[in-house]
Structure formats: C-alpha cells, structure tokens
Amino acid sequence: MMCSECALGFFFDPVKIGIIAVSLFVAILSLCMVLRRDLPVQRRVYFVYLHVAALVFPFVYYLLFSGCSALASGCSRFLPTVYLIGLTGVISALVGSVAAPLIFLYGKSRSASALQDTRLLGFLEAECRALAIRVPKVLVVDTARPVAFSFSGLRPVIFLSAGLLDLLDRKESEAVLLHELMHIRQGSSLLRFSSFFMRLFSPLAGFASLRHELNNDEAAADTFAILRQGTDVHILSAKQKVNGYFEFSEAS
Amino acid sequence: MKGIKFNTDFESVLSPLENDVLKVLWPDRRMKVRHIYDRLRPSRNVALSSVAVILDRLHQKGVVEREIETGRGGVRYIYFPLKDRAQFEKSVIDTTVNSLIDKFGSTAVAYFNERFAEERRK
C-alpha cells in the first residue's frame, strides 16, 4: 500500500531535503577525489563507486520512503526513518559497487564458453607464473566483432571474441593475452569498467574523465606485450587487423 | 529467352564482395574465414578483416550460418550457407516479385499473367 501523504510530503520535509543535499554533496566531493591524479588509481576507483552510490541514494530513499506505510511503522517516527536511511545506504552501496559489476560479468559470461585451446592456455599459465599472478579464466564470446577485455575480480577473467580469434594468428593471440594480463595486473579493467559505469550513471561524469589514465594503461599493456615477445610486430599487426575490421565495417 | 542474358550474380541484393564470398562458400559448404580469404586473394585485393565483416553481415542477413569450432588451430568460426545456390536464386526471385507486387499491385500481377501466358505459348 502506497503512503501518498508520505510520498508528497517527502519534497517539503526539510530533514529529508537535508539528507538529499548531504548525499549530493558527498557525490560532488567523491567526484573531486576521482579527479585527483596524485591518488593511487585503486583509491580513485573506490570514489567512483562512492560517487555513484551517493547519486543513487536520493532515488532509493524516495522509493523506500514512498512505500513506508507497508513497513507498518508509520512515516513520522524517528527510529523507522533512521532504519530507512540505513537501508537506503546499504541498497545504494550494493547497486553502486557490487550489483553493477556482477550484472555486467554475468551478462558477458552467459554468451561465452571456456577457451579449449591447450596451447594458448599453456602459454597463459607460463606467463602468469612469471608474473606471479593467478591464472585467469579465458572465455570465448560468441560474436564476430574482434574484441578482448579482462576483468580482475575475485577470479580474473579474460574475454576474447570468436571473431578476434578468427583474425589473429597464434603469436598475435599471445600478444593480446599478454596485453590483457598486464591490465589484470594493473587492475585497469576495474578502472575501465568504473569509467564506463560512471558515464552510464552520473550526469557529472564529463567533469571527471579517466581517459588519461586509461590511455596510460593501454600503452603500458602494449609495452609489456612487446617486452615479453621481444618485438612489436605481433601486437601491432593484431591492432591493425582489429582496426581494419571496424574501419571496413563502418565504411561499407 | 532469346536476347536476354541472365546475370548469375546477385548484385541487386548483395554487395560485390558478398557475392564473391558466397561463390566460394557454395561449392565447399563449410569453411573458415581464413580459408575463404585464401581462396579470394588470388582474384581480388581484399583483407582478412574485410572477409570477416562480410561473413558476419551475411550471417545477419540469414544467408549463412556459423558454428564455433575448437580444434588444433584454436577457436574458429565455421561458416556454411543456409541455402544452396538454387534455393538462394528462388528466394531472390521471390523477394523481387513480392516487392514489385507491393509497389505496383494489380498492374504487376496482370503483367506477370500476360508474360507467363506468353512464355507458355512459346
């Protein structure tokens, strides 16, 4: 049952307006922290999620508050309001930091199957040993578009598209795997996802672009592949093929 | 059909490269992108990535189907035509006739009747 009085009164209650103002202030403050290049990247990523959670907070608070009569505690009592704020905070934090990455990963994994190529997997294991990092799971996404990306969570995952593997020879595929391994080691997949996530949810994202850091990470991942392979031939030809695909696709 | 040259290409419904890719795919049935590329390369200057784009486009149009195959060479798409050449020709005729009827209605139907009667008399 909807508590219409509560719902309408929400916008005229100075306490609630104050709570929303504080939430927006936290969102802006966390955005300023995202902009600070002197902070470690990982910490800036936390502020991305705090920023999104703070932006989500007023909406969740309003939705929960509108249905407050269903909680059978009334709208005006102090304690239920405190509980409501707490619950809103938890839901906002879950949406802002846990749910979105999990939904993203689940969506991508659904259309993917584990890579069965033993030679490529053997190469990956050897490189992970050298880097002293956990061997990531490699999933093949069923799409002809040549794409590769990684995600470093509890268990790191590298996604390669079937279209990419179609285009690349063995050495080029190894170069791409090395590139993605470096991203996992740097934790830059989280940075990339956070940037995407912030652009998706925050109207203020334009003020705090992470493009500079992302470009740096890309260059570092390429350099790592070149150093490990002792040549830039493979990573460059892989990039040329991928760019060629998208250029031809757009032009024709 | 004296004086009429039947064009065996499908340039009205397919791009030149789509046409060439299908010409390679029809006789051999199941092929990898790289094999199609190897067959096309002597006759035309084309990149592997362009062949991959064209195959994906044919897949989206429902002309070819694909499966992921895992073998010694790694993971690869195997493409195969959903219709043989004759079936594809029929579907092109069907689409063309339908669009003419949609556009010209009874005039097109009357014309076809007249034309088929003429063909039967021959």
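Residue numbering restarts at 1 for every chain, and letters A, B, ... go by the order of the sequence lines. Computed from heavy atoms alone, side chains included, the values below leave out hydrogens, waters and symmetry copies.
The candidate with the highest count of non-hydrogen atom pairs below 4.5 Å against chain B, out of A:Ser249, A:Gly244, A:Pro146, A:Ser113, is A:Ser249. Heavy-atom pairs under 4.5 Å with chain B peak, among A:Thr118, A:Leu120, A:Thr143, at A:Thr143. Of the listed residues (B:His59, B:Arg66, B:Lys32), the one with the most heavy-atom contacts under 4.5 Å to chain A is B:Arg66.
Within a 6.0 Å radius of CZ in A:Arg145, no more than 12 heavy atoms belonging to other residues, nucleotides or ligands are found. For B:Lys61, the NZ atom sits in a packed shell: over 12 heavy atoms of surrounding residues, nucleotides or ligands are nearer than 6.0 Å. Under a cut-off of 6.0 angstrom, the local environment of CG in B:Asn45 is sparse, with at most 12 non-hydrogen atoms contributed by other residues, nucleotides or ligands. No more than 12 heavy-atom neighbours from other residues, nucleotides or ligands sit within 6.0 angstrom of OH on B:Tyr111. Residue A:Phe59 qualifies as open at atom CZ: its count of foreign heavy atoms under 6.0 Å is 12 or below. Remark: B:Gln87 CD is packed, more than 12 non-hydrogen atoms of other residues, nucleotides or ligands lying under 6.0 Å away.
For A:Leu121, no part lies under 4.5 angstrom from a heavy atom of chain B. No part of A:Leu160 comes within reach of chain B, as not one of its non-hydrogen atoms sits under 4.5 angstrom from that chain. Interface remark: B:Leu17 contributes side-chain atoms only to the contact with chain A (heavy atom separation under 4.5 Å). For B:Ala47, no part sits under 4.5 Å from any heavy atom of chain A, backbone or side chain. Both the backbone and the side chain of A:Leu167 come within contact range of chain B, judged by heavy atoms closer than 4.5 Å.
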### Query
Would A:Asp142 and B:Tyr77 satisfy side chain to side chain donor-acceptor pair (under 3.5 Å), going step by step from the backbone distance to the final call?
CA-CA 9 Å; A:Asp142 185 4; B:Tyr77 272 133; 2.5 Å; yes
### Message
Please determine whether side chain to side chain contact (heavy atoms under 4.5 Å, CB included) holds for the pair B:Ile54 and A:Phe248, giving the CA-CA distance in whole Å, both sets of side-chain angles, and the decisive distance to 0.1 Å.
### Response
CA-CA 9 Å; B:Ile54 291 300; A:Phe248 182 80; 4.0 Å; yes
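Here the shortest heavy-atom pairing between A:Asp166 and B:Leu48 reads O-CD2, 4.3 Å.
With rounding to the nearest 0.5 angstrom, the NZ atom of A:Lys241 is 12.0 Å from the OG atom of B:Ser50.
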